[in-house]
Amino acid sequence: MALRLTVQVQLVVQALLRDPAREMYGLELSEETGLQPGTAYPILLRLEHEGWVASRWEDIDPRAEKRPARRYYRLTAGGAAEASAALAGARRPKSTALRRLAEGGGTA
Amino acid sequence: MTLRTMMPRTGLEWVEKLAGAGMWIAIGASSYLVSTRPEWKWAAAGCIMTLAVVSAVAGIPRRLAGRRLVLRKGSGLSGRGRDDGDGSAGQAVRRWRTLAVVSRLMPASAGRRWLGEAESLLAEVTPARRGAAVRSYLLSAPRLAVMMWARQLLRRLRPGPRRPG
C-alpha cells in the first residue's frame with residue numbers, strides 16, 4: 001500500500017530530510033515538527049514499514065545515564081531519495097495548516 | 001536491550017491469549033446453544049470455566065513479573081526524577097500502568113516497542129508537556145493497535161521472509 005503524504009507525514013519527512021544522515025529520536029522529532037509524540041509515532045512506523053526510515057534502540061546503560069534508551073530514526077539511502085521525490089510531487093502544506101498543527105500539537 | 005526488562009514475556013503468554021480468545025468464542029457459542037440446544041448448556045459452561053481457569057493460571061507469571069517491575073525502584077515512570085513538578089509519584093505510576101495496559105491491545109512485540117518508546121519519551125519531556133504527550137499516545141493507541149494487528153495478520157498470511165519487529 002502506497003504511503004499517503006498527509007500534512008503530518010510531510011512534516012516528519014521534512015524534519016528527517018533536513019539532514020538525512022542525522023539520527024533523530026522521538027522527542028526531537030516531535031519538537032521539530034510540532035506534532036504530538038502519539039501522532040508522530042504511527043507515522044514513523046509507517047515510514048519504517050515502507051523502508052524509508054530505519055530505526056534502532058540507543059545502546060546505553062539506562063542506570064548510568066539516568067534515562068531510558070531512546071529509539072533513533074534516520075532516513076535510509078533509498079528512503080531519502082524517495083522522500084525527496086514524493087515531497088517534490090506532493091502538494092505543499094499551506095502555512096495556515098502548519099501553524100494550526102504547531103499550535104494544536106497535531107493530535108490525530 | 002532495555003526493552004526486555006520493561007514488559008516480561010513468558011512462555012505462557014500465548015496460552016493465556018489463546019485461552020482468553022477461546023473463552024470469548026465459547027461464550028458466544030454457548031449463548032447460541034442455550035437458545036437452540038439447551039441440553040448442551042452444561043458442556044458449554046464447563047468449557048468456558050476451563051478456559052477461564054487456564055487463562056488465569058497462565059497469566060500468573062506475567063502478572064507477578066509486571067508487579068515486580070512497577071514496584072522496582074527506578075523502573076517505569078515511578079523512577080526518580082519522573083514525577084517532579086508533575087503531580088505525585090502515584091500519578092506517574094498510574095500513567096505508566098495505563099500505558100502498559102493499553103500496550104496489550106497490540107501484538108506483543110509492537111506493544112513492547114510502543115511502551116518502550118513512550119517511556120523513553122515521557123522520561124525526557126518537560127513536565128508541562130507530559131500530560132498532553134500521554135494523552136496523545138493513548139488517543140492514537142487504538143488505531144495503532146488495529147494497524148499492527150492487520151500488519152501481523154498480513155505477514156502471517158503472506159508467504160516469504162518475515163520482517164523483524
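Below, read A as the first sequence line, B as the second, and so on, with proteins coming before strands; counting in each chain starts at 1. Atoms considered below: every heavy atom in the structure, side chains included; atoms not considered: hydrogens, waters and symmetry mates. This structure is a prediction, so every number in the text was calculated from the model and none was measured.
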Problem - From B/Leu121 atom CG to A/Tyr25 atom OH, the distance as rounded to the nearest 0.5 Å - result: 8.5 Å

Handout entry: B/Leu139 side chain reached by A/Gln36 side chain, heavy atoms, under 4.5 Å
Key = no

Problem - Atom group of B/Arg129 that falls short of 4.5 Å from chain A, counting heavy atoms - result: side chain

Practice task
To the nearest 0.5 Å, tell me how far B/Glu117 CD sits from A/Trp57 CH2.
Solution key: 5.5 Å

Problem - Residues A/Arg71, B/Glu119: salt bridge by 4.0 Å N-O rule - result: no

Problem - Considering all heavy atoms, the nearest A/Gly38-B/Ser136 contact - result: N-OG, 2.9 Å

Handout entry: Charged N-O contact under 4.0 Å between A/Glu48 and B/Arg113
Key = yes

Practice task
Consider only side-chain N and O atoms of B/Ser120 and A/Arg67, and report whether a donor and an acceptor are under 3.5 Å apart.
Solution key: no

Exercise for the section: Identify whether the distance between the nearest side-chain nitrogen and carboxylate oxygen of B/Glu124 and A/Arg70 falls below 4.0 Å. Expected result: yes

Problem - Gap between atom OH of B/Tyr137 and atom OH of A/Tyr41 - 0.5 Å precision - result: 8.0 Å

Handout entry: Minimum-distance pair of heavy atoms, taken over all atoms of B/Ala123 and A/Pro68
Key = CB-CD, 3.4 Å

Handout entry: Same cluster (ILVMFWY, side-chain, under 4.5 Å), B/Trp24 and B/Leu51
Key = yes

Problem - Distance (rounded to the nearest 0.5 Å) between B/Met147 CE and A/Leu45 CG - result: 5.0 Å

